[in-house]
Structure formats: structure tokens, C-alpha cells
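Structure provided below as C-alpha cells; questions to follow.
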Amino acid sequence: MNQNNSSQEASQQDPLFPHRQGLGLSEQELHRRQALNQLRALGIDPYPSAAFHRTHSTQDIHRDFKDVEVDSWSSVSLAGRLMSRRIMGKASFAELQDSTGRLQVYINRDELCPGDNKDLYNEVFKKHCDIGDWVGVRGRIFRTQVGEISIHVEEFVFLSKALRPLPVVKRDEQGRVYDGFTDPELRYRMRYVDLVVNPEVRQVFMLRSRMIELMRQFFNRHGYLEVETPVLQPMYGGASARPFKTHHHTLDMPLYLRIANELYLKRLIVGGFEGVYEFARDFRNEGMSRFHNPEFTMLELYVAFQDYHWMMHQTEALLEEMAVALHQQTALKVGPHTIDFKAPYRRVTLYDSISEKVGVQVDDLDETALRQLAQKYRIETDVSMGRAKLLDALFGELVEPNLIQPTFVTDYPVEMSPLAKVHRDKPGLVERFELICNGKELANAFSELNDPLDQRDRFEAQLALGLRGDPEAMMLDEDFLRALEFGMPPTAGIGIGIDRLAMMMTNSASIQDVLFFPQMRPERHDG
RNA sequence: GAUUCCGUAGCUCAGCAGGUAGAGCAAUACACUUUUAAUGUAUGGGUCCUGGGUUCGAAUCCCAGCGGAAUCACCA
């Protein structure tokens, strides 16, 4: 009986798509494949190679012909994806979408097909053309009775046939959305579809791109050099995090995907560059959340002969300029808050920020007193936590979430900052700031440690932590120490979380909304 | 990693006192030469996430798994 079944299948097999047999296509997919066959039967190539010459984008037409008189309107050609069709017998309206927007086109049977053969309208357009297809049109611009700028189509060509149906999202005059494509999983897994049907998604990524471009212009204007440093590193460093580990076959050695590029950029400062920056893709093998993706982008910048005070000025200047360039104002709506990026930002020391909150000056409290304070606020502690970790916990629980407006928190305990220079006049602290905004860390910066002997001591302290079981303790990087021993000028450095900044600049609630392809579990394909 | 919620047509969703499925849009057919969430008439379309269990009978109840979302914990 199996033989019967298979011969039956073979006889039903579509000769044009033998490899597609038995794939469980939906009715609509089958229909589109049939349309593809029909187009070829009519001598139309559904995937032509020839370039299509466009005279205008949809945006060009909306802009250029907004106030122009009818009789002066000219012939144009444009291309786009067919997003809707309204067929009314011998005439139809359709909407074309290109990268700049949408434009309505009007297709009249007898104008598209002046001769006796009406196939191009009746067959090709009405029957074998579907929402999602890429088409090119040429025709005259006109305004409909309701006043909408449209194209009178005189030529119509297929550019690419879509075999899967696109979710049809409709909007009424008030902009209300009907039948939206909203399932977050589907949107992230099929970002290409999300981008086609949800125009606000395109806006977010265009803003992100402009944001990075603005930063690049800002840094270049100051004379800093954009550089590239290794992603595959024999030794990871520059941050406290668990790395991804991989292996190089020829060298037969382990390699790590970078968790930061700090130590490489400082080597370049040793080498004599006076300002270097890199938009670095970093990788951290840690939890995922609304704020964390395993790979993310960090801007790191190092400038010789400067310190962390200067870096605060530079940072607030950058962010103010960015807000104005992107949104024409410094005050931005972010979730329920309005955040004002106008410089200057508040500066407060780590100690003062905690002291304000708890009503006790914490500067001179010892470990026992800090632990009691933490317990008073029901903050979990454990015996392995030293003074620095306790301060960090107090800050993270009590202060950070409440810092909505941009705030520089300065002067951290030396144990928490193995790459930062000791404070010029506060023993036990380093010259470091974090920029906190909307309750989250947005940037982290120091006067960079350039004393090679101190740096060696700090690394050794990290090694000791590692031996006690801290998985995030840094490795001792001999080559980096060698570089410092050749002499690094005083340097200010900063790391800015680009994804989080993008979330803020685009008012996005999740990091997945500012990454084209956020990390997800593999999709299950049954069978 | 913990907790809560979710998974039904291409899309958005309803259905759940247990009786093997519905709507709108999309699709198909017909009508319609300035519509715009076009309209009218008709039609087709579903492993109800997967696998077990209870039951005469499961989309619905129970268990396990897979996937997703939200909240919480650590890192940016």
C-alpha cells in the first residue's frame, strides 16, 4: 500500500516544484506558487535580473508634488512592495511601499492595456499579483477626488514574487492599528516581516544608526581615531564577567570572545595615539533579560592627558548634543519619565549618594556596620561580601533605581575598580564615575591606572579573588603590564553601553527592541 | 535560575459548566472605471504547541516537555 501512496503522490507532484512536494504548504502559499507558474506561462519573469530605473521614491513624490498644479505634473517611475489592493472592476487602487514610505497607485484597465489584450490587467495584476510582491510602475502623477496624490499607472512590471503571505496590518484615518503583527516571538524571529509591516520598528533602527553616526562624528571632530582590536583574545580582560570560550584548531589553543576591549585600547595609548575609540561588540556568557543580550555593543574611548573630571564634561556635552540632534530637544520621554539630557548633570559621590538615602554618613563605617545597615533595609548579604561589595549592594538597592535624571556617581572603593587610578586625595578610593540614568548604568569611566606596579598589585588581588572562587575575577595580563611599564600617559577612559543608550534615545522598553536579531532559543522545526 | 501568564486558520483573537471548532482581516470565485480599514454575494482554509493521563468522549480537566512574554536575582 505504500507503493500505491507514493505513486499517487508522484502523479500529483508539481513538475515545477518537485522539491517542494510534501512540505505542508498552506492554501495561500500554494496559490502563490500557482500564480508564479501562471506568470511564467504568460512569458513574465517573476524574478527579472534587469535593473529597474526609478525616478522617484514615494517620499520624493509626496514632497515634490504636494502643492503642484495638476496640469504640470509629470511622468515618474518608482518601485516598491505591494501592501494593499482595492480592486473595483476595470480600475484598482493599490499601495506601494519603499524604504521612504507608501504611495497610492491607480491602475485603470484601458490605460494599462490600450490594445485588445487586457491580460496585463485582468490576469497579471488582478489574479497573479499578491500583497507582498515587489513591483515597478511608471505613470503620471495626479490627485484623486479625495485629494490624495497617486500615480496613474501606464507601465507595470514584476520585480519579485512573494511566496508567503505577509501579515496585513491596517490603519484607519486616526492611525489606529487593526490586525497588527504583534507577537513578540514572531516579530523577533522574523524581523524582516516586522520591518515590513511595522513602520515604527524601522524608525527605531534608523534612530539607532543616526545615534552611532553622531557619536562617530563627535569623536572624529575631536581628533580621536576609530580603531579595531581583537574580538578573539587569548586572555579576556577589561571587565568582570564570564566569557565565551572557543578553540583555535591550527594554534591548538583556547581563545575567548572579548568581554571588553579596554586593555587593547590602552596599549594603543602607550603606542602614542592620543585619542582612540571603538564601537566594540562584546560577549558575556551571562543571564539574558530585558537589559541583557549575550552580545552587545559598547563604545570605549580613551583620551591621553585627560582625567575623569574632563570626561564628565565631555560625556554630558555628547549626550546633550545627541538628544538635540535626534529629537530637537534635550528633554526626552522615556517610559513614564521625562529625562533631560541638558548639561550639566548632577555629580554626587558614591558615599554621599548612599548617605543621603540612609540618613547616616557611610564614609567611615566598617564592614560590620555596613552589613547591619544592609540588613536594616532587608538587603541580602553573605559572609564573603567585603566592604566594597556591601557598598555596591546598598547603592544598587537603594540609590541606583531612583536616579532617573542623568547623574554622575563618583569615587568608588579601590577593590571594585582594578583598572582605575587611585584618587588624588581620597585614600581607598579611585577616580571613577558611573553615569546613571533612568535607574540604570549608562557609562563607566576612570582616570586610567597607568602606574604599572600598582596595576600589578591590583591584578594580583584579582587573582586572589579568583582563587577564592570569584568567577568574574580578572586574569593577570602580563603583556598589558609590559605595555604599562613602557609608560602610558595620564589618560581618561569611558565605556558607554550603546544598546542601553539606544533604548533611551528611542524610548524602547527592551534591549530586544533595539537589536535587529536578539538572541533567542533555536526555533523548533518539527520533523 | 525562581515565580506568574500565554501557545486555536497566513495575521489579530473568541471558544473552555468536557460532546472533535468560530469571527474580522487575508485567500479563492463573481460583480463593480477615483477607492482608501473600499463594498456586496458566495466559497475554501485548522497535527486547536508536543507527548502522556483521566473519560464513552479532551482545544477545554490533570501531568510532563518545548517555545514565548512579564516580574525578580547577577552582569552593560
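Naming convention: chains lettered A, B, ... in sequence-line order (proteins, then strands); numbering from 1 in each chain. None of these values were measured; they are calculated from a predicted model.
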Touch class at under 4.0 angstrom, heavy-atom based, for Arg284(A) against every strand present: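 Base, at least one base heavy atom under 4.0 Å.
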Touch class at under 4.0 angstrom, heavy-atom based, for Glu27(A) against every strand present: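 It contacts base atoms.
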Matching residue for Arg40(A) among Leu42(A), Leu36(A), Ile44(A) - test: side chain to side chain contact (heavy atoms under 4.5 Å, CB included):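 When Leu42(A), Leu36(A), Ile44(A) are each tested with Arg40(A), the side chain to side chain contact (heavy atoms under 4.5 Å, CB included) holds only for Leu36(A).
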Verify stack between Tyr178(A) ring and G24(B) base, 5.5 Å, 30 degrees: no
Under 3.5 Å donor-acceptor pair, Glu148(A) side-chain atoms to U34(B) base atoms: no
Base U12(B) paired with Thr182(A) side chain (donor-acceptor, <3.5 Å): no
Given RNA chain B, 5'-ward residue of the pair Met520(A) and Phe296(A), judged by closest heavy atom: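 Closer to the 5' end of RNA chain B: Met520(A).
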Touch class at under 4.0 angstrom, heavy-atom based, for Arg176(A) against every strand present: nothing
Ion pair Lys389(A)/Asp392(A), N-O distance below 4.0 Å: no
Sugar-phosphate, base or nothing in reach of Lys90(A), heavy atoms under 4.0 Å: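 Base, at least one base atom sits under 4.0 Å.
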Stacked cation flag Arg143(A) on Phe65(A), 6.0 angstrom / 45 deg: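 So Arg143(A) doesn't make the cation-pi contact.
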Touch class at under 4.0 angstrom, heavy-atom based, for Ser92(A) against every strand present: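 It contacts nothing in the nucleic acid.
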Sugar-phosphate only, base, or nothing, as touched by Ile87(A) at under 4.0 Å among non-hydrogen atoms: base
Mutual orientation of the aromatic rings belonging to Phe279(A) and Phe219(A) [parallel < 30°, tilted 30-60°, perpendicular > 60°]: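 Tilted.
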